[in-house]
Peer 1: 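Pasting a structure here, questions to come.
Remember, it's 1-based here, ligands and their atoms both numbered in the order they're listed.
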Amino acid sequence: MPDVAEPLASHWMPFTANRDFKAHPRLIVHAEGMVYRSQSGHRVLDGASGLFCCAAGHGRREIADAVSRQLMEMDYAPHFQFGHPSSFELAARLRALLPGDLDHLFFCNSGSEAIDTALKIAMAYHRAEGDGGRQRFVSRERAYHGVNIGGTSLSGILRNREAFPAVMPGVVHMRHTWLSDHRFVRGQPGSGAELAEDLQRFVDLYGASQIAACFVEPIAGSTGVLVPPKGYLERLREICDRAGILLVFDEVICGFGRTGSAFAADSFAVMPDMITMAKALTNGSQPMGAVAVREGIHRALTTGAPAEAIELFHGYTFSAHPAACAAALATLDIYAGEDLFARAARLAPGFLDRMFGLTDIPVITDIRGYGMLAAFDLAPGAAPGARGYAALKQLFEDGLLIKWTGDTGIVAPALIAEERDLDEIEDKLRRVLAAI
Ligand SMILES: Cc1ncc(COP(=O)(O)O)c(C=O)c1O
């Protein structure tokens, strides 16, 4: 029986060392701009936009007011066979922001749901095209595509998969794109484009007629910012085109300015067939995800059957929740009004200068970065992840929050960051990592 007198006992926290956390809680109770306040009142600079969510900084009144207004006007409306105006407005606004003919938006509540939705759209699309034998999916080692069964199956990070052997069948993984000569390379490495040939090898092994889609994060984020080698994404695109495979960019981290453009598809000038997004879509203020789908896929799934027939048997009770739509619309207003994607492009060189300025710290074995996204690896300590966890705790004590995956620290400041914030991130990292 849990100790009911213990106020933290009952919440089983996600991706957390629960027992240690509850013995030494790091409770955050306030957020404004770039700064969190802990329950004990100490100031913590947010070096990770929360969890890659709050690109416009915290405490944005415009978003809170929009959500509040929407909830007072109408708290909820069902979205199966009914609708409300703001989801249509949001889809049109996103369509205008998206590259090429990614013209149709399917809404859900998280990145994980966006991935499962994209998997199902890919299967349904091929079936509608009379090509239903395409049931295999290609993903990549070190990928992170969320935690639902689909995303777990696509995932290429051992710890996220090993307890769940009964994941979706038919998923195969290309090699990840990190090579030892990429160490301390800033931006896109010059070598490694040939790793895209792994996709061709699966085509040669299984036959193109079995493969539905290839899922990649344009920059592999959670594993520690693996920037695609020059020419790699272009090569994936070519192979997909030749083999009739859909190319899905998972932009749950990369989307909304992180790479200095609206989407990484723009930054790398490669056009995917679907883009999954979440996180910064509402600036982290409401749970929301979406899948953007190219015109041809949507057309294949929505024409042919009688107009009264439901075209896609998929959706969530909270798909396009009115409060989430209001939050997303207010967020897009801020991104446009403050020109935050261009601001990210301007800030990125100085941000990366500071991150690569940490190269001399002995415990750092590699640094990678692109846009407003960077990561460094620490030499492992007593056990894998132990040094990273110690650094996480010490940095929080010293007033800096970043994202950790094992011994890899990931830095992704909000796009509203000032130079002084970037200085503070660098100073705090230097001080703590030099002593860890
Ligand atoms: C690339 C990518 N895809 C999917 C997800 C899952 O998103 P969520 O945690 O909102 O389900 C994440 C989360 O970090 C992600 O980074």
Peer 1: According to side chain to side chain contact (heavy atoms under 4.5 Å, CB included), who are the partners of D353, at least two apart in sequence or on a separate chain?
Peer 2: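 Only R186 meet the side chain to side chain contact (heavy atoms under 4.5 Å, CB included) criterion with D353.
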Peer 1: Using a strict threshold of under 4.0 Å (side-chain N to carboxylate O), is an ion pair present between R175 and E194?
Peer 2: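 Looking at R175 together with E194, the answer is no, because their closest N to O distance does not fall below 4.0 Å.
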Peer 1: Can you tell me if H104 and E295 form a side-chain donor-acceptor pair at under 3.5 Å?
Peer 2: yes
Peer 1: Under a 4.0 Å heavy-atom cut-off, what residues line ligand 1?
Peer 2: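 Ligand 1 pocket, heavy atoms under 4.0 Å: S110, G111, S112, Y144, H145, G146, E217, S222, D250, V252, I253, K279.
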Peer 1: Under 6.0 Å between ring centres, would you say that holds for H314 and F106?
Peer 2: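 Under 6.0 Å, so yes.
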Peer 1: Please determine if R387 and D407 form a salt bridge, counting it only when a charged side-chain N lies under 4.0 Å from a carboxylate O.
Peer 2: no
Peer 1: Under 3.5 Å, is there a donor on one side chain and an acceptor on the other for Q200 and R242?
Peer 2: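 Present: a donor and an acceptor within the cut-off.
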